[in-house]
Asker: 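I'd like to ask you about the structure that follows.
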There are 2 protein chains.
Amino acid sequence: MVTMTAAQRKAESKAAYNAFLAVCPSQKLLGRISDKWVTLILTALGSGPDCTGVPGSMRYSELARTLAGVSPKMLTQTLRSLEHDGLITRSVKATVPVTVSYELTELGLSLHEMIRGLKAWAEAHMDEVLANRESRNADAS
Amino acid sequence: MVTMTAAQRKAESKAAYNAFLAVCPSQKLLGRISDKWVTLILTALGSGPDCTGVPGSMRYSELARTLAGVSPKMLTQTLRSLEHDGLITRSVKATVPVTVSYELTELGLSLHEMIRGLKAWAEAHMDEVLANRESRNADAS
DNA sequence: CAGTATCCACTTAGATACTG
DNA sequence: CAGTATCTAAGTGGATACTG
């Protein structure tokens with residue numbers, strides 16, 4: 001069909017982009033950590049139960065409380081994908097009201113450190129970015 | 001109105017999250033670099049006109065060609081926001097068909113280096129993540 | 001307690017066509 | 001060449017209600 005050309009082009013460019021993603025680990029990493037809740041969960045687990053600063057396990061409801069405003073859907077979804085990727089572990093204790101806790105793995109801990117590095121860079125340079133935004137606004141027509 | 005409570009809650013939690021973003025530079029940084037085209041443009045400019053590896057200025061159409069599949073809308077939009085934040089510069093030469101070229105600033109160069117660091121981490125650990133995904137799939141019920 | 005399932009609203013990317 | 005304007009389609013987060 002001639003009318004399908006546009007759709008085909010779209011599919012092709014999408015496929016090309018997917019192929020690109022397949023060989024570009026940094027894009028995949030970005031896709032993972034740029035998720036709003038991923039970094040928050042990682043940070044929460046990396047900071048420990050009561051923000052002690054020492055990584056430790058936390059329960060589902062504990063995380064839900066810490067990440068104020070997260071819906072159960074997103075929390076579960078994010079937790080699952082992190083577990084799936086081996087960044088966190090999920091432990092179930094068969095108590096009467098079942099107890100589930102999550103903890104960073106070695107790999108997750110490593111990613112957490114990476115994020116801290118990112119944070120350091122951001123704190124060092126974001127103010128500069130913000131300053132540029134301001135000045136740009138100032139001399140706007 | 002009683003029926004507005006849900007909307008109000010939503011607005012409040014959104015406001016709370018925005019307030020959080022306001023004081024969390026790393027989240028803002030992530031928001032910026034996790035954009036699909038941002039990293040690609042930064043990488044393109046950081047790798048130079050013909051992927052020589054040396055950062056250099058590139059023209060609009062040159063970027064459009066390099067980032068296969070980008071729509072003019074997204075290219076312009078991303079370029080503008082990067083310029084706005086002082087990460088790239090835009091130079092116009094008043095030739096007959098007007099010539100516009102983009103180049104990384106010091107700050108942009110710095111971010112580019114950051115992204116390269118991210119890439120290094122990703123290349124070192126993403127295969128591990130992928131391996132975890134595989135094994136998880138393997139022992140699935 | 002720790003989720004699961006469903007629906008809805010909103011953001012946002014992309015196609016397309018037009019302009020200086 | 002280097003954009004701008006507009007419209008539409010789709011992915012995605014969030015609210016809500018229900019379950020073991």
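No hydrogens, no waters, no symmetry mates; every other heavy atom, side chains included, goes into these values. Chain letters run A, B, ... following the sequence lines, proteins first, then strands; residues in each count from 1.
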Asker: Using the closest heavy atom to pick a nucleotide of DNA chain C for each, name whichever of A:Thr76 or B:Gln77 lands nearer the 5' end.
Answerer: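 Looking at DNA chain C, the more 5' nearest nucleotide goes with A:Thr76.
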Asker: For C:dG20, what is the paired nucleotide under Watson-Crick or G-U wobble rules, both distances under 3.5 Å?
Answerer: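 Looking at the geometry, C:dG20 pairs with D:dC1.
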Asker: B:Lys93 NZ to D:dA2 P: how many Å, rounded?
Answerer: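 Taking NZ of B:Lys93 and P of D:dA2, I get 12 Å after rounding.
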Asker: Say whether, by atom type as modelled, one donor and one acceptor occur between the side chain of A:Ser135 and the main chain of A:Asn132 under 3.5 angstrom.
Answerer: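 Such a contact is found between A:Ser135 side chain and A:Asn132 backbone.
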Asker: Between D:dG3, D:dG20, D:dG13, which one does the side chain of A:Val98 approach most closely?
Answerer: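 The closest nucleotide is D:dG20.
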Asker: When you compare the side chains of A:Thr39 and A:Thr43, does any donor N or O come within less than 3.5 Å of an acceptor on the partner?
Answerer: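 Their side chains do not contain a donor-acceptor pair, so the 3.5 Å distance test is not met.
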Asker: Check this one for me: any side-chain N or O of A:Arg90 less than 4.0 Å away from OP1 or OP2 of C:dG3?
Answerer: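 It does, given that an N or O in the side chain of A:Arg90 lies less than 4.0 Å from OP1 or OP2 of C:dG3.
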Asker: Could you check A:Pro97 against A:Lys73 and say which one's nearest nucleotide on DNA chain C is further toward the 5' end?
Answerer: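 The residue closer to the strand's 5' end, by nearest nucleotide, is A:Pro97.
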Asker: For B:Thr95, report the nucleic acid contact type (base, sugar-phosphate, nothing); a contact means any heavy atom under 4.0 Å.
Answerer: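 No contact at all - B:Thr95 keeps every heavy atom at 4.0 Å or more from the nucleic acid.
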Asker: Specify the separation, in whole Å, of atom CG of B:Leu67 and atom P of D:dG3.
Answerer: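 Computing the B:Leu67:CG to D:dG3:P distance gives 14 Å.
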Asker: Paired with D:dT12 by Watson-Crick or G-U wobble geometry, both distances under 3.5 Å: which nucleotide is it?
Answerer: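 The base-pairing partner of D:dT12, which may sit in any strand shown, is C:dA9.
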Asker: Starting from C1' on D:dA2, measure out to CE on B:Met58 and report it in whole angstrom.
Answerer: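 B:Met58 atom CE is separated from D:dA2 atom C1' by 15 Å.
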Asker: Among side-chain atoms of A:Ser91 and A:Glu103, is any donor-acceptor pair under 3.5 angstrom?
Answerer: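 There is no such pair between these side chains.
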Asker: Please walk me through it: do A:Trp37 and A:Leu75 pass side-chain contact (heavy atoms from CB on, under 4.5 Å)?
Answerer: CA-CA 8 Å; A:Trp37 301 115; A:Leu75 184 53; over 6 Å; no
Asker: In whole angstrom, give the distance that lies between atom CD1 of A:Ile41 and atom P of D:dG13.
Answerer: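 Going from A:Ile41 (CD1) to D:dG13 (P), I get 12 Å.
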Asker: Tell me whether the side-chain N/O atoms of B:Tyr102 come closer than 4.0 Å to OP1 or OP2 in D:dG3.
Answerer: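 For D:dG3, OP1 or OP2 has a side-chain N or O of B:Tyr102 closer than 4.0 Å.
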Asker: Can you check the B:Met74 CE to D:dT8 C1' distance for me, whole Å?
Answerer: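 Interatomic distance, CE of B:Met74 to C1' of D:dT8: 16 Å.
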Asker: For the CG atom of A:Leu111 and the CZ atom of A:Arg32, what is their distance to the nearest 0.5 Å?
Answerer: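 Atom-to-atom, A:Leu111:CG and A:Arg32:CZ are 9.0 Å apart.
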Asker: Quick one: which of C:dG14, C:dA17, C:dG3 gets closest to the side chain of A:Pro72?
Answerer: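 Nearest listed nucleotide: C:dG3.
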Asker: For A:Glu62, which contact category applies under a 4.0 Å heavy-atom criterion: base, sugar-phosphate, or nothing?
Answerer: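 Result for A:Glu62 = nothing.
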Asker: Determine: side-chain N/O of B:Trp37 to OP1/OP2 of C:dT12, distance under 4.0 Å, yes or no.
Answerer: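 Looking at the OP1 and OP2 atoms of C:dT12, neither is under 4.0 Å from any side-chain N or O of B:Trp37.
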Asker: Over how many whole Å does the gap from A:Asp35 atom CG to D:dG13 atom P extend?
Answerer: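 Distance, rounded to whole Å: 6 Å.
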Asker: How close or far is atom P of C:dA2 from atom CG of A:Leu79, stated in whole angstroms?
Answerer: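 Interatomic distance, CG of A:Leu79 to P of C:dA2: 11 Å.
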Asker: Can you check whether B:Arg59 has a side-chain N or O nearer than 4.0 Å to OP1 or OP2 of D:dG3?
Answerer: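 Checking B:Arg59 against D:dG3: no side-chain N or O falls below 4.0 Å of OP1 or OP2.
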Asker: Check whether any side-chain N or O of B:Ser71 sits under 4.0 Å from OP1 or OP2 of C:dA15, and answer yes or no.
Answerer: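 Negative; the distance criterion is not met.
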Asker: Whole Å only: how far is the CG atom of B:Leu63 from the C1' atom of D:dG3?
Answerer: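 From B:Leu63 CG to D:dG3 C1': 13 Å.
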Asker: Of all residues at least two apart in sequence or in a different chain, which pass the side-chain hydrogen bond (donor to acceptor under 3.5 Å, both in side chains) check with B:Thr89?
Answerer: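 For B:Thr89, no residue satisfies side-chain hydrogen bond (donor to acceptor under 3.5 Å, both in side chains) once neighbours in sequence are set aside.
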